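The structure appears below as structure tokens.
Computed from a prediction, not measured in an experiment: that's the story for all the values here.
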Amino acid sequence: QLRLVESGGGLVQAGDSLRLSCAVSGGILSTYAVAWFRQATGKEREFVAVRSWNGYNSNYADSVKARFTISGDNAKNTVYLQMNSLKPEDTAVYYCAAGKDSRYANDYEYWGQGTQVTVSS
């Protein structure tokens, strides 16, 4: 059973940066695509970024492109989300998920518990 644990969230000001980590255990990271999703209060969960199983490809939501970077270290079984130039609208609970390379939450079988990111103006 794959287990994902997010960390790195917090309260920051607009324009600041944060790096989220997703530690994967119980399986081999290189066999899964890993994505980040986020859910703001009162809104549906939305796709943020995905890293392919081999790390060669990544895709981003338009709202975060050029500000966020997804990366991974297969040796450490960890995927990261570097978030720069944060905006108040980035405030949400961020989840990492492992499964099929996709922008759709239903394609991901394994999920972490989430980490809160709050950006103040």
Inset, instruction - Report the C-alpha distance between L11 and Q116 in whole Å, list the side-chain angles of each, state the deciding distance to 0.1 Å, and finish with yes or no for side chain to side chain contact (heavy atoms under 4.5 Å, CB included). - result: CA-CA 8 Å; L11 172 63; Q116 176 71 46; over 6 Å; no
Inset, instruction - Supply the atom-to-atom distance L4 CG to Q113 CD, rounded to the nearest 0.5 angstrom. - result: 9.0 Å
Inset, instruction - Work out which heavy atom in G26 is nearest to a heavy atom in L2; give both atom names and the distance. - result: C-CD1, 3.9 Å
Inset, instruction - Apply side-chain hydrogen bond (donor to acceptor under 3.5 Å, both in side chains) to R3 and list each qualifying residue two or more places apart in sequence or on a separate chain. - result: none
Legend entry - Minimum-distance pair of heavy atoms, taken over all atoms of S17 and S85: OG-N, 4.2 Å
Inset, instruction - Would you please test L29 and V34 for side chain to side chain contact (heavy atoms under 4.5 Å, CB included) and show each step? - result: CA-CA 8 Å; L29 177 62; V34 176; 3.4 Å; yes
Inset, instruction - Rounded to the nearest 0.5 Å, what's the gap from CD on E6 to OH on Y94? Could you check? - result: 12.5 Å
Legend entry - Cluster link V93 to V119, ILVMFWY, side chain under 4.5 Å: no
Inset, instruction - Check S121 against A14 and note the closest heavy-atom contact, atom names and distance. - result: CA-CB, 4.4 Å
Inset, instruction - May I ask whether Y110 and V48 are part of the same hydrophobic cluster, defined by side-chain heavy atoms of I, L, V, M, F, W, Y residues being less than 4.5 angstrom apart, directly or through others? - result: yes
Inset, instruction - Answer whether the closest heavy-atom distance between the side chains of K100 and V50 falls below 4.5 Å. - result: no
Legend entry - Results of side-chain hydrogen bond (donor to acceptor under 3.5 Å, both in side chains) for D73 - residues two or more places apart only: none
Inset, instruction - Decide yes or no for L20 and V117: does some side-chain heavy atom of the first lie under 4.5 Å from some side-chain heavy atom of the second? - result: yes
Inset, instruction - Can you tell me which residue pairs pass the ring-ring contact (aromatic ring centres under 6.0 Å, His included) test with a partner in residues 35-62, sequence neighbours excluded? - result: F37-F47, F37-Y108, F37-W111
Inset, instruction - Please report the closest heavy-atom contact between S30 and N74, naming both atoms and the distance. - result: CB-ND2, 3.5 Å
Inset, instruction - Any chance you could measure M83, atom CE, to D16, atom CG, to the nearest 0.5 Å? - result: 11.0 Å
Legend entry - Partner residues of N106 under the side-chain hydrogen bond (donor to acceptor under 3.5 Å, both in side chains) criterion, sequence neighbours left out: none
Legend entry - V24 vs T78 side-chain heavy atoms within contact, under 4.5 Å: no
Legend entry - Shortest non-hydrogen contact from G112 toward Y95: O-CD2, 3.7 Å
Legend entry - Nearest-0.5 Å distance that lies between atom CG in N59 and atom CG in D101: 7.0 Å
Legend entry - ILVMFWY network linking Y80 to I70, side-chain heavy atoms under 4.5 angstrom: no
Inset, instruction - Please name all residues satisfying side-chain hydrogen bond (donor to acceptor under 3.5 Å, both in side chains) with D90, sequence neighbours left out, ordered by chain then number. - result: R38, R67
Inset, instruction - State, yes or no, whether a side-chain contact exists between V12 and T118 at a heavy-atom distance under 4.5 Å. - result: no
Inset, instruction - Using the test side chain to side chain contact (heavy atoms under 4.5 Å, CB included), find all partners of E109 that sit at least two apart in sequence or belong to another chain. - result: none
